[in-house]
Amino acid sequence: MSESRSTPELAAILKDPGFCRHSTPHTAVVDWDADTGWSQPRIEPRSDLTMNPATLGLHYGQAVFEGLKAFRAEDGSVRLFRPEDHGVRLARSAARLAMAEMPPELFVRACAELVAADAAWVPGGYGQSLYLRPLLIATEADLGLRPSRRYRCVILAYPADPCFGADFRPLSVTTATETVRAVRGGTGESKCAGNYAAGLLTRTEAQAAGYDEVLWLDGLERSRIEELSTMNLFLVWRDAEGSRLTTPPCDGTIVRGLTRDSLLTLARDRGIAAAEEHTTIDAVRDGLRSGRLAEVFACGTAGVVVPVGRLGIGAEDLTVGDGGEGPMTTALRGGLLDVQHGRASDAHGWLWPVPRADENGERRA
Ligand code: COI
C-alpha cells in the first residue's frame, strides 16, 4: 500500500524498507498517442491502473520495464544512477516489441521529477536506495494483433534495502536443462514482461528443490552459460598469474545489465583483466572441480552484487570456493556502492543530481 506517512512512520520504513514493501505516495506518468506523441511527465498520487480487459498490452504482451535507483550521499543530496542509460535500454526494449520509444531525455526527466517529489523517501543507509520501476505498456483496447496506438509509462518508487541485508547469504543456483529462456533473434535482451514469465515455471520448480535461482544456458546448443532469471553472471578465474573476470557477452539473448557494465568498467579501472566471453557449462564444472573457478557472483540493479555459493549442474551440486563470498565479489560490490553513495569519485559521470522540490512539490532552481 502507498499513502502519506507521518514522520515517525516514514523513519521506521526507511530504517528497514526491505525490497518493494512500501511504495512512495506518487507515480510519474507519461503517455504516448500515435496522433499527439509523448505527453509531459505528470506526478500523480499513486493509484491503480484502470484498463479495458481487451487492452493490447494484456493480450499480446507489449509490456517492458526498467529498474533503476536513486541514492542519498552523505551530504544528504540525492542522485540517480545512470538514468540516461536506463532510458536508452527502455527504448531498445520497446523498439524490439514494436512499441513507442520514449526519448531518454524525457525518461530521465520523469524519473527525476518523481524522485524530487518523494525525496523524503530516499533512505540514507549504505546500500539502501530508492528503487524506481518504470513500466511501459500498450493501453489501446483492441483484439486485432498489431502494435498499439497508445502507451502509458508509469514509474513506481520504493525505498529499498540491498538484498545483502541482514538475512544475506550466498545464492544456491541450479542450471536449467529442460527449458530455455531465450534464443538468438528472440526477445532475450529486451526487458519485456514475457521473458520473466517464460522463466517462472523453471525458477519456481528450482525454488521448490531448495535453490534460489536458475542459470540459463543458450537456447540452441544448451552448452554455454547465459544469465540468471533476475541477474547477469560473472566468473572469477584464479591461477598463479592472478585473477581474471569473465561474463557472457551481450549477443542478444541476455539483458544488457547496467550493473554488469559498471562492474566491468570498475574492474578494468582497477587493472583487473575482465573479458566478455562465452563459457561452456562444462568449463564451469571443470573450473569448480579444479578450483580454478574461484568465485561466481550475480549482479543486477535490484540485487547489486551477490555471491553464488552452490551451483547445481545436472545431478552434481558443486560448492563455489568455500561456499561463502570471495574477495573479488566483496571488492567490486564495495567499489560500486562507494561510487553510488558518493564516497568514491564518479569518474564515468554515472550520477545525475536530482533537483530538490520544495514543500509544495514545486521545483527549486
Ligand atoms: C532489476 O534488477 O532491477 C530487475 O529488473 C530484476 C527484477 C526481476 C528484480
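Counting starts at 1 for both ligands and their atoms, following the listed order.
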Out of all atoms in ligand 1, which are within 4.0 Å of some heavy atom of [X]? Include the element for each.
X      : answer
Phe65  : 5 (O)
Tyr196 : 8 (C)
Thr301 : 2 (O), 3 (O)
Gly67  : 3 (O)

For this session: Tell me, please, whether Tyr158 has Arg21 positioned over its six-membered ring: NZ or CZ under 6.0 Å from the ring centre and within 45 degrees of its axis?
Result: no
Exercise. Polar-atom distance check: Tyr131 versus ligand 1, any N or O pair below 3.5 Å?
Worked result: yes
For this session: Report yes if some N/O of Ala302 lies less than 3.5 Å from some N/O of ligand 1; otherwise report no.
Result: yes
Seminar exercise, completed: On a heavy-atom basis, the closest approach of Asp317 and Gly312 is OD1-CA, 3.1 Å
Problem set entry | Verify same cluster id: Ile155, Ile43 (apolar side-chain graph, 4.5 Å) | yes
Exercise. Is it true that Arg149 and Glu140 have a side-chain N and a carboxylate O under 4.0 angstrom from each other?
Worked result: no
Problem set entry | For atom 7 (C) of ligand 1, the protein heavy atom that lies nearest, with its residue and separation | Arg133 NH2, 3.7 Å
Problem set entry | Min heavy-atom dist Glu66 to ligand 1 below 4.0 Å | no
Exercise. Of all the heavy atoms in Lys191, does at least one lie under 4.0 Å from an atom in ligand 1?
Worked result: yes
For this session: Please find out if less than 6.0 Å separates the ring center of His341 from that of Tyr126.
Result: yes
Exercise. Are Phe234 and Phe297 an aromatic pair by the rule of ring centers under 6.0 Å?
Worked result: yes
Exercise. Are Arg96 and Ser190 linked by a side-chain donor-acceptor pair shorter than 3.5 Å?
Worked result: no
Exercise. Out of Thr230, Leu228, Val304, Leu258, whose heavy atom is nearest to atom 8 (C) of ligand 1?
Worked result: Thr230
